[in-house]
Peer 1: 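Here's a structure for you.
If you're wondering where the values come from, they're calculated on a predicted model, not measured in any experiment.
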Amino acid sequence: MTGARQLARAGTGQPADLRLVPAATAAWLVVVAAVAPGPEIGTALGLAIAVLAAAGTAVGWWRGYPVVLAVTGCAAAAAVVAAVHGWALLGHPLREPAARGAAAELRAVLRDDPRPIRGGFPGAAQVAVPAELVAATVAGERWISGGRVLILAPAAGWAGLLPGQEVSASGVLAPPARTDLTAAVLRVRGPPLAVAEPPWWQSAAGALRVGLRDAAADTLSPAAAGLLPGLTVGDRSGLTAEVDADFRTAGLSHLLAVSGANLAIITGALLWLLRRARADPRLVAVVAALAVVGFVVLARPSPSVLRAAVMAGVVLLGLALGRARSAMPALAVAVLVLVFADPALAVDAGFALSVTATAALVLVAPGWAAALAKRRVPVPLAEAIAVATAACLATAPLVAALAGAVNPASIVANLLVAPAVPVATVLGVIAALLGPIAPAVARVCTWLAGPPIEWMITVADRTAAVDGFALTWPEGVGGGLLLAAVLIGLVVLMRLRRVRALLLAVALGAAIVLVPTRFVSVGWPPAGWVVVACDVGQGDAIVLATGEPGWAVLVDAGPDAGLVDACLTRLGVQALALVVLTHLHVDHTGGLEGALRGRPVGAVAVGPGREPVRTLRAAARAAAAVEARFAELRAGQRLAWPELVLDVLGPRRAATAVDPDDGTAVNDTSVVLRATTPAGAVLLAGDVELAGQADLVASGLDLHADVLKLPHHGSRSTGREFLRAVAPRAVLVSVGAGNPYGHPNRALLDELERTGATVRRTDVSGDTAVVAAEPDSAESRIGIVSRGSPLPARR
């Protein structure tokens with residue numbers, strides 16, 4: 001907590017200087033308003049704001065009001081900057097080819113490290129590579145042009161590249177999914193065509209990072225070895241999927257991104273040592289600046305690192321000079337500089353979270369810490385509580401707007417890990433610096449960092465295991481503003497003594513009533529369930545009851561071991577008669593080990609598809625590890641249990657010579673099953689796409705089913721003839737919230753609902769069960785129940 005306490009003490013004893021805050025806020029909001037709607041609206045809006053502000057200044061509307069004049073000037077300048085960038089994006093030569101999906105060859109310079117795309121992406125492991133365009137060739141025409149591009153490419157050949165390297169690549173263009181000034185996306189299927197040498201400082205930083213990874217791997221468990229580099233220098237290449245998911249669920253994911261906190265910890269530790277030695281303030285300032293520069297080199301000067309460096313470096317420099325009131329002006333100046341230099345940062349969630357948390361540490365935490373200290377709370381504990389609470393509450397509206405949820409447990413989790421973060425960070429940085437010259441000492445440092453890292457993993461795991469603690473909240477700007485209003489209202493009311501006791505009583509009563517219902521899902525699993533679509537994010541995991549207590553059949557295992565394991569545990573599944581992997585994409589196979597963990601398994605079965613081969617081999621190894629038979633399913637087979645019959649309907653054609661990187665081709669190798677259950681027929685269609693669906697319709701098979709598991713997470717590649725042949729009365733969509741693929745397709749869902757089908761999505765409803773009605777029910781044999789919801793009337 002050293003760096004955070006330095007920030008928290010910035011305003012102690014004197015009011016903060018807020019004169020620059022309105023100007024910085026105005027500039028930021030203007031850039032957001034001009035960038036977020038896209039270049040067409042944003043350019044016009046930016047120019048309109050600039051003209052209005054300039055006109056007001058010319059006629060003297062703001063004369064005599066220097067703060068208003070500063071706000072107007074900064075807003076006008078920000079509007080001009082945003083309009084210029086928007087105009088350049090409007091005329092970018094790649095926009096039109098991207099809109100029509102043209103093939104292209106690009107030459108570009110990497111702006112950041114390739115970032116792994118976790119789970120759900122078809123084919124081999126993929127990375128996203130932000131880059132600055134140098135030249136482009138489309139349909140034989142060559143352009144020399146700047147602008148931002150995003151390259152989506154296989155990890156093989158791309159994952160080890162460094163920022164600053166120039167690469168050439170060919171692929172298919174696509175429009176960007178986000179309005180962040182990116183001109184186009186290039187989808188690449190192979191390695192780069194040409195790669196230049198990286199700058200020497202990037203090579204040096206890469207060597208230090210490799211040394212840290214190696215030292216951590218030699219001394220720590222796999223989970224801890226992946227977490228330490230991510231916590232220390234933002235290197236998440238070794239982070240396990242389970243730890244990543246736990247940190248996100250527990251509200252600790254901000255620790256895995258290099259930010260002002262990392263810089264504050266390192267620089268704060270140096271400042272503490274220098275102040276104990278009574279060093280001259282100018283020496284303190286120089287050391288702080290050198291620490292910031294050195295950390296930027298180690299953590300790579302990507303946009304996110306530079307953002308943190310400007311923000312934390314300027315703030316800490318002011319603190320080092322003994323000017324406590326300089327913290328807020330420095331933060332305001334940092335915001336102004338950054339949104340002018342890179343307007344895309346204005347719409348970046350990480351930027352907003354970083355600014356908001358830093359402001360809370362400077363403005364709110366000191367007063368809360370002093371209030372706790374007056375009540376005889378030890379100063380270190382008071383500061384820790386104030387910092388964790390202020391940062392969490394300040395960022396809660398942003399988190400709610402982004403995630404559509406509020407997790408009160410995240411404050412407790414942040415408070416519990418707070419003492420471990422600075423220790424692990426400092427030891428990790430020392431290990432990185434010493435790795436190339438003294439590997440043995442580096443290993444000692446990572447070994448010493450082991451206990452705090454393991455503690456953080458334990459806290460994240462236990463917090464994530466408190467299932468259902470997160471409260472749903474309206475997402476988007478409206479939800480964020482609503483939560484901000486609620487929090488501000490509560491803070492104001494808590495200052496009134498007469499109201500404070502009432503609020504505390506209401507909060508205690510709500511906790512007594514609501515918390516148990518978050519820990520225990522009333523009515524789950526529902527009696528008589530026959531099929532459950534597990535909420536495993538962007539992936540599939542379908543559980544079918546066999547009629548034998550504790551035994552079930554699992555069709556696909558989702559992308560994450562922990563998520564599918566938790567779903568099976570909630571359902572009371574103690575053994576798996578059969579696990580079917582419909583096809584070999586990681587969003588259907590990634591959680592296999594979690595499904596098999598601690599449960600007897602009859603067999604693991606795949607279809608005739610054999611690509612990607614490495615996924616097939618991983619599935620075979622997982623089956624062998626639990627001594628389960630590894631089998632193949634073919635069209636025409638039938639499998640039966642007391643209350644379940646599975647008929648294998650597809651695939652109908654041989655899966656020969658399938659390109660593993662062709663997601664559509666692999667999807668069409670999906671095993672298609674028709675399950676006969678006490679609730680009626682259920683069609684499980686895997687990710688089968690248009691060609692595979694056409695084969696099924698042309699085969700003449702009876703595809704009619706009461707329930708359809710919609711193919712490919714509800715993508716638009718679902719044919720009308722196929723849907724007419726199935727004619728479902730209920731549709732399950734297994735899909736992840738906020739996925740980057742636009743699943744499920746809204747037009748497709750609207751069409752299904754117009755037919756009278758009941759549609760349930762796991763990203764909205766969570767685990768969703770199909771239940772059999774009572775035997776004497778005259779209307780229907782099925783009901784749809786979502787986890788945590790009251791049991792609806794049977795239909």
Peer 1: So, Thr755 and Arg724: side-chain donor and acceptor under 3.5 Å apart, yes or no?
Peer 2: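 No - no donor-acceptor pair under 3.5 Å links their side chains.
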
Peer 1: I need the single residue from Val543, Leu639, Leu644 that forms a side chain to side chain contact (heavy atoms under 4.5 Å, CB included) with Val553. Which is it?
Peer 2: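 So, applying the side chain to side chain contact (heavy atoms under 4.5 Å, CB included) to Val553 and each of Val543, Leu639, Leu644, only Leu644 qualifies.
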
Peer 1: Once you round to the nearest 0.5 Å, how far does OG of Ser734 lie from CD of Gln538?
Peer 2: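 Interatomic distance, Ser734 OG to Gln538 CD, rounded to 0.5 Å: 8.0 Å.
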
Peer 1: Under 3.5 Å, side chain of Thr677 to main-chain N/O of Gly680, donor-acceptor pair present?
Peer 2: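 The answer is yes, because a donor-acceptor pair under 3.5 Å joins these two groups.
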
Peer 1: Is it the case that the side chain of Asp587 and the backbone of Gly558 share a donor-acceptor pair, with hydrogens and angles ignored and the cut-off at 3.5 Å?
Peer 2: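 Judged by distance alone, no pair lies under 3.5 Å.
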
Peer 1: For Ile151, is there any backbone N or O sitting under 3.5 Å from a side-chain donor or acceptor partner on Trp158?
Peer 2: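 A pair under 3.5 Å: no.
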
Peer 1: Do you know the tightest heavy-atom contact between Thr569 and Arg599?
Peer 2: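 The answer is OG1-NH2, 3.2 Å.
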
Peer 1: Taking Val606 as the fixed residue, which of Leu581, Leu633, Val579 is the one that meets the side chain to side chain contact (heavy atoms under 4.5 Å, CB included) rule?
Peer 2: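 By the side chain to side chain contact (heavy atoms under 4.5 Å, CB included) criterion, Val606 pairs with just one of Leu581, Leu633, Val579: Leu581.
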
Peer 1: Are the side chain of Lys709 and the backbone N or O of Gly686 linked by a donor-acceptor pair below 3.5 Å?
Peer 2: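 The answer is yes, because a donor-acceptor pair under 3.5 Å joins these two groups.
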
Peer 1: Do Arg761 and Glu753 sit within salt-bridge range, that is, some charged N less than 4.0 Å from a carboxylate O?
Peer 2: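 Salt bridge absent between Arg761 and Glu753.
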
Peer 1: Between Asp540 (side chain) and His588 (backbone), is there a donor-acceptor pair under 3.5 Å?
Peer 2: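 Checked: no pair found.
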
Peer 1: What's the spacing between Arg760 CZ and Thr762 OG1 if we round to 0.5 Å?
Peer 2: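 One gets 12.5 Å once the value is rounded to the nearest 0.5 Å.
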
Peer 1: So, Arg189 side chain and Ala153 main chain: donor-acceptor pair closer than 3.5 Å or not?
Peer 2: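 No, because the side chain of Arg189 does not come within donor-acceptor range (under 3.5 Å) of the backbone of Ala153.
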
Peer 1: Quick one: are Arg115 and Pro130 in side-chain contact, heavy atoms under 4.5 Å?
Peer 2: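 Arg115 reaches Pro130 side chain to side chain.
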
Peer 1: Counting C-beta onward and ignoring hydrogens, is there a side-chain heavy-atom pair between Leu649 and Leu703 closer than 4.5 Å?
Peer 2: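 They are in contact (side-chain heavy atoms under 4.5 Å apart), so the answer is yes.
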
Peer 1: Test your reading of the model: is there a side-chain donor-acceptor pair from Thr589 to the backbone of Leu584, 3.5 Å cut-off?
Peer 2: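 No, the answer is negative, given that no donor and acceptor are paired below the 3.5 Å cut-off.
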
Peer 1: If you measure from SG on Cys534 to CG on Leu732, what distance do you get to the nearest 0.5 Å?
Peer 2: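 Answer for the SG-CG pair, Cys534 versus Leu732, is 11.0 Å.
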
Peer 1: With the side chain counted from C-beta on, respond yes when Leu554 and Leu578 share a heavy-atom pair under 4.5 Å apart, and no when they do not.
Peer 2: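 No, too far: nothing below the 4.5 Å cut-off.
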
Peer 1: Can you name the side-chain hydrogen bond (donor to acceptor under 3.5 Å, both in side chains) partners of Glu593, sequence neighbours left out?
Peer 2: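 If we apply the side-chain hydrogen bond (donor to acceptor under 3.5 Å, both in side chains) test to Glu593, skipping adjacent residues, there are no hits.
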
Peer 1: Using modelled atom types and a 3.5 Å cut-off, is there a donor and acceptor pairing between side-chain atoms of Arg610 and backbone atoms of Gly607?
Peer 2: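 Between the backbone of Gly607 and the side chain of Arg610 there is a qualifying donor-acceptor contact (under 3.5 Å).
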
Peer 1: Between Thr546 and Leu544 (side chain of the first, backbone of the second, donor and acceptor by atom type, cut-off under 3.5 Å), is there such a pair?
Peer 2: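 Flag not set: sc Thr546 to bb Leu544 has no pair under 3.5 Å.
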
Peer 1: Between the side chains of Glu454 and Ser221, is a donor N or O closer than 3.5 angstrom to an acceptor N or O?
Peer 2: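 Glu454 vs Ser221: donor-acceptor pair found between side chains.
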
Peer 1: May I have the step-by-step check of side-chain contact (heavy atoms from CB on, under 4.5 Å) for Asp695 and Val688, ending in yes or no?
Peer 2: CA-CA 10 Å; Asp695 289 341; Val688 64; over 6 Å; no

Peer 1: Where do Val532 and Ala769 come nearest, in terms of heavy atoms and distance?
Peer 2: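 In terms of heavy atoms, the two residues are closest at CG2-CB, 3.7 Å.
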
Peer 1: On a heavy-atom basis, which atom in Val735 and which in His713 lie closest, and how many Å separate them?
Peer 2: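 Shortest heavy-atom contact: CG2-O, 4.0 Å.
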
Peer 1: Could you tell me which non-hydrogen atom of His743 sits nearest to which non-hydrogen atom of Ser715, and how far apart they are?
Peer 2: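 So the minimum-distance heavy-atom pair works out to NE2-CB, 3.5 Å.
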
Peer 1: Does Arg746 have more than 12 heavy atoms from other residues, nucleotides or ligands lying within 6.0 Å of its CZ?
Peer 2: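 Yes, enclosed.
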
Peer 1: Is Trp641 atom CH2 crowded by more than 12 heavy atoms from other residues, nucleotides or ligands, each under 6.0 Å away?
Peer 2: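 Enclosed: over 12 neighbouring heavy atoms sit under 6.0 Å from CH2 of Trp641.
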
Peer 1: Any salt bridge linking Asp535 with Arg570? Criterion: basic side-chain nitrogen under 4.0 Å from a carboxylate oxygen.
Peer 2: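 No, no charged N to carboxylate O under 4.0 Å.
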
Peer 1: Can you name the residues that form a side-chain hydrogen bond (donor to acceptor under 3.5 Å, both in side chains) with Thr219, not counting sequence neighbours?
Peer 2: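 Once residues adjacent in sequence are excluded, the partners of Thr219 under the side-chain hydrogen bond (donor to acceptor under 3.5 Å, both in side chains) criterion are Thr446.
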
Peer 1: Between Val564 and Arg597, is any pair of side-chain heavy atoms under 4.5 Å apart?
Peer 2: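 Not touching, per the 4.5 Å side-chain cut-off.
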
Peer 1: If you define the side chain from C-beta out and look only at heavy atoms, does anything of Leu690 sit under 4.5 Å from Phe722?
Peer 2: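 No - every pair of side-chain heavy atoms lies 4.5 Å or more apart.
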
Peer 1: For the atom pair OG1 (Thr768) and CD1 (Ile542), what is the distance rounded to the nearest 0.5 Å?
Peer 2: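 Output value for this atom pair is 9.5 Å.
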
Peer 1: Measure from the side-chain N and O atoms of Glu643 to the backbone N and O of Gly547, and report whether any donor-acceptor pair falls under 3.5 Å.
Peer 2: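 Flag not set: sc Glu643 to bb Gly547 has no pair under 3.5 Å.
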
Peer 1: Does the separation of the ring centres of His583 and His712 fall below 6.0 angstrom?
Peer 2: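 Distance test on ring centres: not under 6.0 Å, no.
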
Peer 1: Between Val536 and Asp560, is any pair of side-chain heavy atoms under 4.5 Å apart?
Peer 2: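 No, side chains not in contact.
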
Peer 1: So that I can tick it off, tell me whether Asp214 and Arg443 are bridged by a salt bridge, with the cut-off set at under 4.0 angstrom between side-chain N and carboxylate O.
Peer 2: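 No, Arg443 and Asp214 are not salt-bridged.
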
Peer 1: Given Leu227, which partner from the list Ile453, Leu220, Thr232 fulfils the side chain to side chain contact (heavy atoms under 4.5 Å, CB included) test?
Peer 2: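 Running side chain to side chain contact (heavy atoms under 4.5 Å, CB included) over Ile453, Leu220, Thr232 with Leu227 returns exactly one hit, Ile453.
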
Peer 1: To the nearest 0.5 Å, what is the distance between CZ (Phe247) and CD1 (Ile457)?
Peer 2: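 These two atoms lie 6.5 Å from each other.
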
Peer 1: Rounded to the nearest 0.5 Å, what separation is found between the OG1 atom of Thr669 and the CD atom of Glu611?
Peer 2: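 Rounded to the nearest 0.5 Å, the OG1-CD separation comes out at 9.5 Å.
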
Peer 1: Work out which heavy atom in Pro608 is nearest to a heavy atom in Pro651; give both atom names and the distance.
Peer 2: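 Nearest pair, atom of Pro608 first, then Pro651: CG-CG, 3.5 Å.
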
Peer 1: Is Val129 close to Leu161 at the side-chain level, that is, under 4.5 Å between some pair of heavy atoms?
Peer 2: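 Not touching, per the 4.5 Å side-chain cut-off.
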
Peer 1: In this structure, which one of Asp556, Asp687, Asn667 forms a side chain to side chain donor-acceptor pair (under 3.5 Å) with His585?
Peer 2: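 The side chain to side chain donor-acceptor pair (under 3.5 Å) with His585 is passed solely by Asn667 among Asp556, Asp687, Asn667.
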
Peer 1: Which residue in the set Leu684, Val648, Leu673 passes side chain to side chain contact (heavy atoms under 4.5 Å, CB included) when paired with Val580?
Peer 2: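 Testing each of Leu684, Val648, Leu673 against Val580, the sole residue satisfying side chain to side chain contact (heavy atoms under 4.5 Å, CB included) is Leu673.
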
Peer 1: Is any side-chain heavy atom of Arg720 less than 4.5 Å from a side-chain heavy atom of Glu751?
Peer 2: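 A side-chain contact exists here, since the closest heavy-atom pair is under 4.5 Å.
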
Peer 1: Shortest non-hydrogen contact from Ala757 to Val731?
Peer 2: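 Closest approach of Ala757 to Val731, heavy atoms only: CB-CG2, 4.1 Å.
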
Peer 1: Report the C-alpha distance between Asp706 and Arg729 in whole Å, list the side-chain angles of each, state the deciding distance to 0.1 Å, and finish with yes or no for salt bridge (charged side-chain N to carboxylate O under 4.0 Å, His left out).
Peer 2: CA-CA 5 Å; Asp706 299 284; Arg729 290 184 294 127; 2.9 Å; yes

